[in-house]
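It should be emphasised that the depicted structure is a prediction, and the values quoted were computed from it without experimental measurement. Within every chain, numbering begins at 1; the chains are lettered A, B, ... in the order of the sequence lines, protein sequences first and strands thereafter.
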2 protein chains.
Amino acid sequence: MTGKVTIKDVAKAAGVSEATVSRALSQSPRVKRDTRQKIQNIANNLGYHPNGLARSIRLQQTHTLGVIIPDILNDFFTRLIRAIEDAAGKAGYDVLIVNTDESLAKEATALNLMLEKQVDGVIITSAGGPTDYAAILGDTPAVFVDRMPPAGVETPFDRVLVDNVQGTQDIVAQLIAQGAQRVGIINSAVSFTAAERLQGYQHALIAAGLEPDPAIEATARTDNSNVPQMTRQLLVNQKCDGLFVADNTIMEGVLRKLPELAIPTLQLGGFDDQDWFDFLPQPIVTARQPINQLGKTAIDRLLDRINGADMLPAEIRLAATTISR
Amino acid sequence: MTGKVTIKDVAKAAGVSEATVSRALSQSPRVKRDTRQKIQNIANNLGYHPNGLARSIRLQQTHTLGVIIPDILNDFFTRLIRAIEDAAGKAGYDVLIVNTDESLAKEATALNLMLEKQVDGVIITSAGGPTDYAAILGDTPAVFVDRMPPAGVETPFDRVLVDNVQGTQDIVAQLIAQGAQRVGIINSAVSFTAAERLQGYQHALIAAGLEPDPAIEATARTDNSNVPQMTRQLLVNQKCDGLFVADNTIMEGVLRKLPELAIPTLQLGGFDDQDWFDFLPQPIVTARQPINQLGKTAIDRLLDRINGADMLPAEIRLAATTISR
DNA sequence: CTGAAAGCGCTAACAT
DNA sequence: ATGTTAGCGCTTTCAG
């Protein structure tokens, strides 16, 4: 933090008051054209950059939104960030992104950081802990995206979510339609989406007259270290001929394990779509999430709140699209 | 920007002065244990969050670093961000990331944004324009990573770069060793890396006694829209039996086109490695970049500058590793 | 050990 | 059309 040339320097150089410089630089009509021109030139020559901190502290708003993301290496979140940035940028807001590595501790730190930086609002993809968001956030507006804190009923926040139940149900139904008789699941460690996706999975089984079997319902660790072993367990020991995988990071582990297991006719499906799935040798059924909509909807909602809209917290569900390859 | 409870409120509630609250909360030893305890409790109960803007403006430093990234959807940069965040975080710095979509205009905007936010330093992956960085940056320290502005000789900035020439040369040499007789190149639109990678490509050809041929040196557009066509051009029309591709985004386009061309024995290689290349049916030779080192080195260098280290701007080159699949 | 007061850079009344 | 001044929330001399 340097660039020590301040509005005072410009004022002195131009022989006017600080107020006039401020007005000139913010295009106020209350300053003569000539003066404005002169001041702008001088400011440029001096290499003046307004101090946004000072302005924000004065104006009581930063025009910055905080975004809390659990895994910046995950393509899904990268795209979500991009969508959020886009929507925010169009509305004139900057975005402060913090990655939490699915750690609750880091999430709390991130939240505090954002509050200290006085962000005007926050978008949270929760790592899924028992955090008391309302207490921490005070009256800073927040919108939850993709995941909700597990708290449950009385969440006083807006939520923009994917229809995980329906999305999963569609995929599993498709796997069965393609001939699978015994479909296992490797679920994710993220409690919120895991619960919903398990439900969709079971719905699909029951709708097809199949019985859910706890023996073929596995859960991946957060670091996915047990995925290879779970894959073998379900496909070899449990003789599943269909497999639903709850997200793209788990899918990568499964795909890596598959060749050595050499299952002849496996019906494979999973949540999250990746472009490179096009290059896979085997067929795969996936749910493509409406990422851009997710981001845009969340930002719209957040900006409404920031602008003082008086509305009840709502839950918005967006549908995923099933893609068969 | 809300959270209106300030240090003044805490002071009032605690019956002490603002100064004492400030001292208590910053663990100054110059305040009685009891007082500190009491103040901390009151602050918690009130839901007090220090205003980072006010503190930064007072302390003349933000403990925030700006990072300018040209394409946040590109896996390479995502990993770079992650590496930078990691290194910065360990040193107690936050990171403000801005994506420029390879646009010079957005890059300039991003730079200004960062200066206005008073970042303590900037890491730039340049979109590669004729921008006069020195003039814009003033005395804000900056380090260039992965790419340098084209200016050339007299860059007064530190640069942390990959050895593009050697990396490319190794790959192309490997393609030739594997039997390729006529190796084409689809280069990137990014001037800096493109120039170096072309050089490495040509070196390898010459070292193998092959003649560089402009007819098989193609360049992708920034949006890669011409990649399918270039691929056909080189492999079908120009009958190349080897192909070097300058980055991972171009590689994806090539891979997408390959099946329909059905080239029997193609030796394929490219810069940037992706984990999912493991799943490709055909062999591929890639350069894995030392991303973590890149990030860490850049941050170290930047922090040294921020802390006033007096050293000449240097260019640090890191080696890429060749991976054959 | 604690308080009073100045000042970081900026904008917005309120003058003139 | 421009200048004067107060104050945003914080830290830090300087006094006590």
Side-chain angles (χ1 to χ4, degrees), chain A residues 1-40 42-43 46-64 112 115-120 138 140, chain B residues 1-40 42-43 46-64 112 115-120 138 140:
Chain A
M1 180 160 169
T2 58
K4 30 189 159 225
V5 30
T6 79
I7 213 171
K8 189 186 287 181
D9 300 316
V10 180
K12 206 168 294 172
V16 298
S17 76
E18 300 178 33
T20 304
V21 175
S22 174
R23 281 191 277 254
L25 263 31
S26 58
Q27 312 296 344
S28 156
R30 304 166 36 90
V31 55
K32 214 165 38 179
R33 281 185 59 94
D34 284 3
T35 326
R36 194 212 313 289
Q37 277 301 339
K38 189 179 65 177
I39 290 176
Q40 267 167 351
I42 293 181
L46 259 46
Y48 170 73
H49 284 273
N51 184 324
L53 305 182
R55 174 192 275 143
S56 287
I57 209 178
R58 179 64 236 260
L59 263 32
Q60 296 286 80
Q61 50 163 333
T62 54
H63 271 283
T64 300
N112 278 311
L115 291 178
E116 296 195 1
K117 294 228 186 252
Q118 308 295 118
V119 295
D120 293 340
T140 301
Chain B
M1 178 161 170
T2 60
K4 31 193 157 220
V5 31
T6 80
I7 213 171
K8 190 187 290 183
D9 301 316
V10 179
K12 207 169 294 173
V16 297
S17 76
E18 301 178 34
T20 304
V21 175
S22 174
R23 281 191 275 254
L25 263 29
S26 58
Q27 312 295 346
S28 156
R30 306 166 35 92
V31 55
K32 216 165 36 179
R33 281 187 62 93
D34 284 3
T35 327
R36 194 212 312 290
Q37 278 301 337
K38 190 178 67 176
I39 291 177
Q40 268 168 349
I42 294 181
L46 260 44
Y48 170 73
H49 283 274
N51 185 324
L53 305 183
R55 173 190 278 143
S56 287
I57 209 179
R58 179 62 234 260
L59 263 32
Q60 295 289 78
Q61 53 164 330
T62 55
H63 272 281
T64 300
N112 278 312
L115 292 178
E116 296 196 0
K117 295 229 188 250
Q118 310 293 119
V119 295
D120 294 340
T140 301

Task: Separation of D/dG9 P from A/Gln61 CD (nearest whole Å) - done: 14 Å
TODO: Give every residue pair that meets the side-chain hydrogen bond (donor to acceptor under 3.5 Å, both in side chains) criterion with at least one member in residues 8-29 of chain B, sequence neighbours excluded.
DONE: B/Ser17-B/Thr20
Open item on the list: Quick check for you: to the nearest 0.5 Å, what is the distance between A/Thr35 atom OG1 and A/Gln40 atom CD?
Closed with: 11.0 Å
TODO: To the nearest Å, give me how far apart CD1 (A/Ile57) and C1' (C/dC8) are.
DONE: 9 Å
Task: Rounded distance (Å) that lies between atom C1' of C/dC10 and atom CG of A/Asn51 - done: 8 Å
Open item on the list: Nearest heavy atom decides the nucleotide; on that basis, is B/Thr20 or A/Ser26 closer to the 5' end of DNA chain C?
Closed with: B/Thr20
TODO: Nearest whole angstrom, please: distance from the P of D/dG9 to the CZ of A/Arg55.
DONE: 18 Å
Open item on the list: How many whole angstroms separate atom CG of B/Asp9 from atom C1' of D/dC8?
Closed with: 13 Å
Task: Within-4.5 Å side-chain heavy-atom neighbours: B/Tyr48 and B/Leu25 - done: yes
Below 3.5 Å between N/O atoms, which protein atoms pair up with nucleotides 14-16 of chain C? Just atom names and distances, please.
none

Task: Closest non-hydrogen atom pair, B/Gly47 against B/Val5 - done: O-CG1, 3.6 Å
Task: side-chain hydrogen bond (donor to acceptor under 3.5 Å, both in side chains) partners of A/Thr64, counting only residues at least two apart - done: B/Lys117
TODO: Would you check, one step at a time, whether the test side-chain contact (heavy atoms from CB on, under 4.5 Å) holds for B/Glu116 with A/Asn51?
DONE: CA-CA 5 Å; B/Glu116 296 196 0; A/Asn51 184 324; over 6 Å; no
- [ ] Decide yes or no for B/Arg55 and B/Pro50: does some side-chain heavy atom of the first lie under 4.5 Å from some side-chain heavy atom of the second?
- [x] yes
Task: B/Ser56 vs D/dC10: side-chain N/O to OP1/OP2 distance below 4.0 Å - done: no
Task: Strand-adjacent residues in residues 11-19 of chain A, judged by heavy atoms under 4.0 Å from DNA chain C - done: A/Glu18, A/Ala19
Task: Atom-pair distance (CD on A/Gln60; C1' on C/dC10), nearest Å - done: 12 Å
- [ ] Round to the nearest Å and state the distance from B/Lys38 atom NZ to C/dT2 atom P.
- [x] 9 Å
Open item on the list: Using 0.5 Å steps for rounding, measure from the CD1 atom of A/Ile39 to the CG atom of A/Leu46.
Closed with: 12.0 Å
Task: Minimum heavy-atom distance B/Ala24-B/Val31, with the two atoms named - done: CA-CG1, 4.0 Å
Task: Distance, rounded to the nearest Å, where A/Arg33 contributes CZ and D/dT2 contributes P - done: 13 Å
